[in-house]
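Here's the structure we're looking at; comments come further down.
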There are 2 protein chains.
Amino acid sequence: MSLNDNFNDKVATLRDLAGIAGVSVTTVSRALRDKPDIGLDTRLKIKQLARQLNYHPHEVARSLVLQRTNTIGLTMSHLDNPYYGQLSQEIEAQAAKAGYSLLLTIASSTIEKSTDFLNRKKVDGFILGPVLAGQDVSGLWALRKTGVPVVFHGNIDLPEMDTVIVDAETAVCNAVRYLAERGHRDMGFLGRTRNNLILTLKFGGFQRGLLESGLQLKNEWVVETRGELEDGYARACALLQQDKLPTAVFCHNDLLALGVLHALAERGMRCPDDMAVVGFDNIEMSAYSNPPLTTIEQPVERIASELVRLLSDRISNPAGEREQVVLLPSLTVRKST
Amino acid sequence: MSLNDNFNDKVATLRDLAGIAGVSVTTVSRALRDKPDIGLDTRLKIKQLARQLNYHPHEVARSLVLQRTNTIGLTMSHLDNPYYGQLSQEIEAQAAKAGYSLLLTIASSTIEKSTDFLNRKKVDGFILGPVLAGQDVSGLWALRKTGVPVVFHGNIDLPEMDTVIVDAETAVCNAVRYLAERGHRDMGFLGRTRNNLILTLKFGGFQRGLLESGLQLKNEWVVETRGELEDGYARACALLQQDKLPTAVFCHNDLLALGVLHALAERGMRCPDDMAVVGFDNIEMSAYSNPPLTTIEQPVERIASELVRLLSDRISNPAGEREQVVLLPSLTVRKST
DNA sequence: TGACATTACTTTAACGTTATAGTATAAAGT
DNA sequence: ACTTTATACTATAACGTTAAAGTAATGTCA
C-alpha cells in the first residue's frame, strides 16, 4: 500500500470557496474572519462551505501579507538537563497561550546562526536562553541589529535588551550565609569561575557570601567545571582525594550536585554529615535524591511567563522603554544540609 | 532610552537590490542562488551588494511560492522528563542537519489542535511523539487526512503511518527473564496496565516474561500509575506497606524507578538486597542514582535519526511504500539488580 | 423627488519570492 | 549574408492571503 492513495485532493483555498459560493475572494475572507459588510446569509453559507471543504487558512500566505508570523524563536540548549526541559515546556505553554508557536533552535546556538535564523524565518520575536550569551556578550548586538524583538533570560543584565534576570549572585550569597550559620566554615565551589560573564556570577555570590560570613576562600576547593552529572561525579571524586575536605560544597546546578551525591554515596560518605551539598535549579529529581537536595529554586513558571509577557509587549510596542524583570530565587532546604 | 532608536531602516528585499543594481528582480534572485544565465560580473556585483545591504531571503515569501516551509512539526510532551528532553534535542539536531527547523507543540497536544496546527502552519512534515497517540489511535486518521507526511514514534505499530517503533514488549520480557534468572520469583510492576494501547505494551512484556519464566503474576504487586517521580515514590510507599513484598519491581520508566529508589532509601531498605528495581529509558541520571539503576536503554540517537530520515524520505516521496523501523532496546545492568 | 447614506458586495494592488516564457545582442555555422 | 545558437538578461504570472478603494442596489430623509 502506498501511503497517499487517498489524498489526491488539494487543500481548499479562499479562491476555491469563492468559486463555489459564487462570490469574490475578499467576501469569503471577510466572512470567515467575521469582518463587517457581509450579509448574514452569505456569511453562514460561506462558513458552512468552509467546514465542508475542510478549509484552513494558509498561515504562510497570511504571514506574508500581515508581516507577522505569530511565531517566536527560542534558543535553548542542554535540553537533556531537566531544568531547561521544564523551562522550555513552560515557555511553550505561555507562548501558546499568547497565540504564538515556538520555533526551536538548539544545536545551532551560535550568534551567527541565530541572527541568520531570525532574519530568514521572520519570527515575530526571539527568546534568548541562558546558554548562548556566555562568552561573547558583544556579539549579541548583531541580534539586536536584526530589528527583531529579543528578550534575554540569564543571570546578568544586558543593557541593550529586555531581560528576565534571576539574581543568582544574591541567591548563592544567601545560600553560603545559610551554610555559615549552620556552622560550616570550610566550603567548596563547583562551577564556572571564569571566561563567562553569566556563568561566573554564581562564583561571585559564593565569594561575597564567604566574605560576609567572615570566611576565607580556599582555592583548592574551587573547582572549575561544566555542569553535567558526569562532571559533578568526576570533580567530586577528584576533590575527595584531598587531605583536608570542605564540610560543604555549593554546586552550580542540581545535576552537578546529584553527581556529587553519587560520588559521596559510592565512597560510603554520609551527606550531610561528612559533606553538605547545595545545588541550584531545584529540578524535580532533587526532591527525590538520596538524600534530597537542598537547592536554590528557580521560579520556572514565573520566568517563562515574564519572558513571554515582555516579548509580547515589545512586539506590540517596539519603541517602548526597555523592561527588566529581576527575580530572586529562594533556597529550598532539604536533607543534604 | 527606547530600544529601537537605531533601527528605522527596513530590511532589504530583492526589489531593493534590483533597483540599486539596475537589473531585474529575477536576475538578482538567480544571481544569489547561483542559477545559470547570469554573467560573472553581474553575479559578483549583486552578491556584494547583498552583503552590503545585509540582505537575507524572506523565507515566508519563499515558502509561499515553493510550497514548502523547510519546517517540521514536533509534538512532544513531558519535556521535564529528561528522556523526552534528550529525544527532542536529538531530533532538533537531526532535523537541522537535514535542513529543517523545528516547530514545537507541547501543551496543545490533542489530535484536533495538532491537525489544525498542521493545516495552518504548513509544515513539511510532522513527528508525532510517543504521548499523543495513546488512548485514541483512531483519531490519528485525522492527522493523516491533512495530507502532511507524519512519522510516528512509539511502542506500537500504526498501520497507516511510517513508524519508528521501540519494541518495548520484548525488551521488558527480556528484563523479566533476566530477573528470573537471577533468582527473582516475586516481581512487581509499576506503570500503565490498561486504557492506553501504547503504554500498556510494557505490561504485556512483563506478563509474557513471567509466563516464559514459569512465574505467576501477582495482582497485588501490579500498580497502575502515571510516570512521574512523585508517582514512583508514592506508589512505592503504598506497595511497601504490604505484608509480602516482591523481591524485584519493574518500572515503566526511569523516573518512576528513581522515585522507588527514594522510597526504599527513606525506609532504610537496601536495593537490590531488599528489593531490586529495573527502569526504562536509561536517562543520564540513572547512572548516578544510589544505587545506579539497571534499566532498559532507549536508543535515543538512533530513534531521532530514523525519525528524521523517514520523514525526509516521505516528504520527498509522498507516494512511496510505508516504512517501519523496529528497534530493540537492550538492558543496561547496574547495581540496582 | 432628488441628494445622500447604508448595505453588501467587487476590483485592484500588495506582501517577497520563484518559475516560465520571452527578447535583445552577440557569436557562430554554412 | 542569413539563419541558427548561445548568452544574459527582462517581463509576466503565480503562490494565498488581506487592505483599501470602488460600485451597484437599496433605503432614508427633507
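Note on naming: letters A, B, ... go to the chains in the order of the sequence lines (proteins, then strands), and numbering restarts at 1 for each one. Below, each value reflects all heavy atoms present in this structure, side chains not excepted, and no hydrogens, waters or symmetry copies.
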Acceptor/donor pairs from residues 93-101 of chain B side chains to any protein atom, 3.5 angstrom cut, sequence neighbours excluded:
none

Side chains of [X] and [Y], heavy atoms from C-beta outward: is any pair under 4.5 Å?
X: B:I91; Y: B:L102; result: yes
X: A:L327; Y: A:I303; result: yes
X: A:T71; Y: B:L103; result: yes

Send over the distance from [X] [atom1] to [N] [atom2], rounded to a whole Å.
X: B:K121; N: D:dT17; atom1: NZ; atom2: C1'; value: 15 Å
X: A:D16; N: D:dG16; atom1: CG; atom2: P; value: 8 Å
X: A:K122; N: C:dC15; atom1: NZ; atom2: P; value: 14 Å
X: B:N119; N: D:dG16; atom1: CG; atom2: P; value: 14 Å
X: B:L64; N: D:dA14; atom1: CG; atom2: C1'; value: 9 Å

Under 4.0 Å between any heavy atoms, over every strand shown, what does [X] touch: base, sugar-phosphate, or nothing? Just pick one.
X: B:V60; answer: nothing
X: B:Q67; answer: sugar-phosphate
X: B:S63; answer: nothing

Problem set entry | Any B:S24 side-chain N or O less than 4.0 Å from OP1/OP2 of D:dA11 | no

Report each atom pair, protein N/O against N/O of nucleotides 17-24 of chain C, whose distance is under 3.5 angstrom.
{"from": "C:dT17", "atom 1": "OP1", "to": "B:Y55", "atom 2": "OH", "distance (Å)": "2.9"}
{"from": "C:dT17", "atom 1": "OP1", "to": "B:H58", "atom 2": "N", "distance (Å)": "3.4"}
{"from": "C:dT17", "atom 1": "OP2", "to": "B:L14", "atom 2": "N", "distance (Å)": "3.0"}
{"from": "C:dT17", "atom 1": "O5'", "to": "B:Y55", "atom 2": "OH", "distance (Å)": "3.4"}
{"from": "C:dT18", "atom 1": "OP1", "to": "B:R62", "atom 2": "NE", "distance (Å)": "2.7"}
{"from": "C:dT18", "atom 1": "OP1", "to": "B:R62", "atom 2": "NH2", "distance (Å)": "3.1"}
{"from": "C:dT18", "atom 1": "OP2", "to": "B:S29", "atom 2": "OG", "distance (Å)": "2.4"}
{"from": "C:dA19", "atom 1": "OP2", "to": "B:R33", "atom 2": "NH1", "distance (Å)": "3.1"}
{"from": "C:dA19", "atom 1": "N6", "to": "B:T26", "atom 2": "OG1", "distance (Å)": "3.1"}

Exercise. Given B:F152, which of B:L128, B:L143, B:D157 fulfils the side chain to side chain contact (heavy atoms under 4.5 Å, CB included) condition?
Worked result: B:L128

Exercise. Knowing that exactly one of A:I72, A:T75, A:T115 qualifies, which makes a side chain to side chain contact (heavy atoms under 4.5 Å, CB included) with A:F126?
Worked result: A:T75

Problem set entry | A:D124 and A:T69: side chain donor to acceptor below 3.5 Å | yes

Exercise. Do NZ/NE/NH1/NH2 and the carboxylate oxygens of A:E59 and B:K121 come within less than 4.0 Å?
Worked result: no

Exercise. Between A:D162 and A:R322, is there a salt bridge with N-O shorter than 4.0 Å?
Worked result: no

Problem set entry | Any residue meeting salt bridge (charged side-chain N to carboxylate O under 4.0 Å, His left out) with A:D313, in chain and number order, not counting sequence neighbours | A:R309

Distances under 3.5 Å between nitrogen or oxygen atoms of protein and nucleotides 23-28 of chain D:
none

Please set out all donor-acceptor pairs under 3.5 angstrom arising from side-chain atoms of residues 47-55 of chain B, sequence neighbours excluded.
{"from": "B:K47", "atom 1": "NZ", "to": "B:D34", "atom 2": "OD1", "distance (Å)": "2.8"}
{"from": "B:K47", "atom 1": "NZ", "to": "B:D34", "atom 2": "OD2", "distance (Å)": "3.3"}
{"from": "B:N54", "atom 1": "OD1", "to": "B:H56", "atom 2": "NE2", "distance (Å)": "3.2"}

Seminar exercise, completed: Within residues 43-52 of chain A, those residues having any heavy atom closer than 4.0 Å to DNA chain C are none

